[in-house]
There are 2 protein chains.
Amino acid sequence: MSLKHALLGVLAARPMSGYELSQFFDSSTGWVWSATHSQIYPLLGKMQAEGIVECENVIRGIKLNRKIYSVTPSGMAELLDWVSTAHPPSGSRDPLLTQALLFDMIEPEVAALILQNYISEQEYIARESRSHSEKLAAKNTPLLRERLKNRPPADHDRIARLKAHVFEGQAMMADARVNWARAELNLLMPNDTNNAPLPTALAAGR
Amino acid sequence: MSLKHALLGVLAARPMSGYELSQFFDSSTGWVWSATHSQIYPLLGKMQAEGIVECENVIRGIKLNRKIYSVTPSGMAELLDWVSTAHPPSGSRDPLLTQALLFDMIEPEVAALILQNYISEQEYIARESRSHSEKLAAKNTPLLRERLKNRPPADHDRIARLKAHVFEGQAMMADARVNWARAELNLLMPNDTNNAPLPTALAAGR
DNA sequence: GTAGTCATGTAAACTGTTACATGATTAT
DNA sequence: ATAATCATGTAACAGTTTACATGACTAC
């Protein structure tokens, strides 16, 4: 169960409420794992019952109650064990490639619209991921600053570079999808010069 | 629900039993969508109840019964509608990137083993996908040959190129993951020349 | 005969999505 | 006052995995 370990991983940086955790995982930041609050709240309860997190109630204002969760020693052990283990690959499931496998059934113009929409989405993901990667490289995100407080200063650069590289990886995947989709557009509509850059040889010949 | 449409997509090439469909989706071929027989059999029943597939019993040997499913006109309409629609991106969930986000917590040697294992898996996927892509480009797979029987010969080349490009896309994604993982290895163990090729400038200087 | 493949299913457990539900606090 | 955000949950449904279960056919 990856969400459990993703939650532990964030809580290891600092104790947090379910609400705050939801914000990390609600795909806002271009996070590598997404989940909704309706998944997170019950799971935090289960994790508390398992003894891998503990919970402190903090009152805000007059009545509003926040539950601040933190990782227990046993939770830390579980997290380190998960991070140290090679997990078997899960079955691949790519909705767009599945759809593209049937693009020969429909009008190329319709397929082109779907691809252009997809390209926009992936370009957005690439931009967001790269932006977050740069912030991490500059040790300029709130969570990373918290994390580094418990680490020797000599390690800070290396840790920041490693975290940044994960989001660079997310950006690289989005780039790869964009490149594939552009090539697919060219295959679908070889004569439409507006869809994508021409092959260099052809463009040079003009 | 993508599996439903993936099944329709395969059945559109030719009528098939649940068993045969399972073989396509059991991740054997490096298929773009994976599913197990325990998912496929009940779903085929539901699809029949919906009227998007119909079923013919065929006896093999003396008793062994096969249920051969085929797409109904209403199923074909549903499939074309799905293929023609841009679907919203689903939340991203990358177990390895999530794990890599915490690699600074463990020994680099342990992380390196996990990455090397991952690289092997992705290289295997890339090889399989490329091999399947080449077979498709050569119109040399049983299913594609069936599919082309219902299509004008003038379109055969284009259809084959489109199908092949989807698997080339799958290979490109695997390549991107391998490239990322090699770079991650270099970040983790910058002095270990065995993990990955040296940057060209450095290698040339020897 | 016996091992491998063909062929079809069910059941339980787990994971994820969407909708419903409620109330407090803060800024305008 | 009222809208946005803070804060926590539940319920129903949809989708996936793993294990259980059965029996026929084929090649050795």
Side-chain angles (χ1 to χ4, degrees), chain A residues 1-8 11 15-28 31-50 53 55-69 82 87-95 98, chain B residues 1-8 11 15-28 31-50 53 55-69 82 87-95 98:
Chain A
M1 204 202 299
S2 295
L3 176 57
K4 184 160 95 173
H5 299 104
L7 292 173
L8 287 173
L11 290 175
M16 231 179 257
S17 70
Y19 185 78
E20 284 176 288
L21 285 164
S22 297
Q23 292 176 318
F24 276 99
F25 291 93
D26 260 359
S27 70
S28 48
W31 199 248
V32 293
W33 196 272
S34 73
T36 56
H37 76 272
S38 60
Q39 226 184 323
I40 290 168
Y41 287 122
L43 184 52
L44 283 170
K46 276 185 198 172
M47 287 163 73
Q48 190 182 4
E50 270 185 77
V53 294
C55 170
E56 195 195 350
N57 286 301
V58 176
I59 307 290
R60 206 184 113 146
I62 195 79
K63 259 192 179 184
L64 190 55
N65 194 28
R66 284 195 300 167
K67 294 184 174 182
I68 308 297
Y69 291 91
W82 180 78
H87 304 287
S90 48
S92 62
R93 234 163 250 119
D94 190 319
T98 305
Chain B
M1 202 203 301
S2 295
L3 177 55
K4 183 160 94 173
H5 300 103
L7 291 173
L8 288 173
L11 289 176
M16 230 179 258
S17 69
Y19 185 79
E20 284 175 289
L21 285 165
S22 297
Q23 292 176 317
F24 275 99
F25 290 94
D26 261 357
S27 71
S28 48
W31 199 249
V32 294
W33 196 272
S34 72
T36 56
H37 76 273
S38 59
Q39 228 183 319
I40 291 168
Y41 286 123
L43 185 53
L44 284 169
K46 277 185 197 170
M47 289 165 72
Q48 190 182 5
E50 269 185 76
V53 293
C55 171
E56 195 195 351
N57 286 300
V58 176
I59 306 291
R60 205 185 111 146
I62 196 78
K63 260 191 176 182
L64 189 56
N65 194 29
R66 283 196 299 166
K67 293 183 173 182
I68 307 297
Y69 291 91
W82 179 78
H87 304 288
S90 48
S92 62
R93 235 163 251 119
D94 190 319
T98 305

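Because only heavy atoms are used, hydrogens play no part in the values below, and waters and symmetry mates are left out as well, while side chains stay in.
In the region residues 60-69 of chain A, proximity to DNA chain C at under 4.0 angstrom, judged on heavy atoms, holds for A:Arg60, A:Gly61, A:Ile62, A:Lys63, A:Leu64.
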Derivation of the side-chain contact (heavy atoms from CB on, under 4.5 Å) call for B:Met1 and B:Leu43: CA-CA 11 Å; B:Met1 202 203 301; B:Leu43 185 53; 3.9 Å; yes
When you look at B:Phe25 and B:Gln39, which way does the side-chain contact (heavy atoms from CB on, under 4.5 Å) test go after all the steps? CA-CA 10 Å; B:Phe25 290 94; B:Gln39 228 183 319; over 6 Å; no
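Nucleotide D:dA7 holds its P atom 12 Å from the CE atom of A:Met16, rounded to whole Å. Atom NZ of B:Lys46 is separated from atom P of D:dT16 by 11 Å (rounded to the nearest Å). Whole-Å rounding puts the B:Arg93 CZ to D:dT17 P distance at 13 Å. In this entry the distance linking CD of A:Gln39 with P of D:dG15 reads 15 Å, nearest Å. Distance A:His37 NE2 to D:dC6 P: 14 Å, rounded to the nearest Å. If you measure from atom OH of A:Tyr41 to atom P of D:dA7, you get 8 Å, rounded to the nearest angstrom. One can place CG of A:Leu43 at 13 Å from P of D:dT10, the figure rounded to the nearest angstrom. Rounded to a whole Å, the CD1 atom of B:Ile40 is 13 Å from the C1' atom of D:dG15.
B:Ser17 comes within 4.0 angstrom of sugar-phosphate atoms only, judged by non-hydrogen atoms across all strands, and of no base.
More than 12 heavy atoms of other residues, nucleotides or ligands lie within 6.0 Å of CD1 in B:Ile59, so this atom counts as buried by the packing criterion. When the shell of 6.0 Å around CD of A:Glu50 is examined, it contains more than 12 heavy atoms from other residues, nucleotides or ligands.
Atom-to-atom distance recorded for A:Lys4:NZ and A:Lys46:NZ is 9.5 Å, nearest 0.5 angstrom. Atoms OG and CG, from B:Ser22 and B:Leu7 in turn, are 9.0 Å apart once rounded to the nearest 0.5 Å. Note that CG of B:Leu21 is 9.0 Å distant from CG of B:Leu3, once rounded to the nearest 0.5 Å. Between atom OG of residue B:Ser17 and atom CG of residue B:Asn57 there is a gap of 11.5 Å, rounded to the nearest 0.5 Å.
Taking every nucleotide of DNA chain C with any atom under 4.0 Å from a non-hydrogen atom of chain A, the first and last of them, 5' to 3', are C:dT15 to C:dT26.
Looking only at distances, a side-chain donor or acceptor of B:His87 sits under 3.5 Å from a matching main-chain atom of B:Trp82.
Contact check, A:Gln23 against D:dC6: a side-chain N or O comes under 4.0 Å of OP1 or OP2.
Here the nucleotide nearest the side chain of B:Thr36, chosen from D:dC6, D:dT16, D:dT18, is D:dT18.
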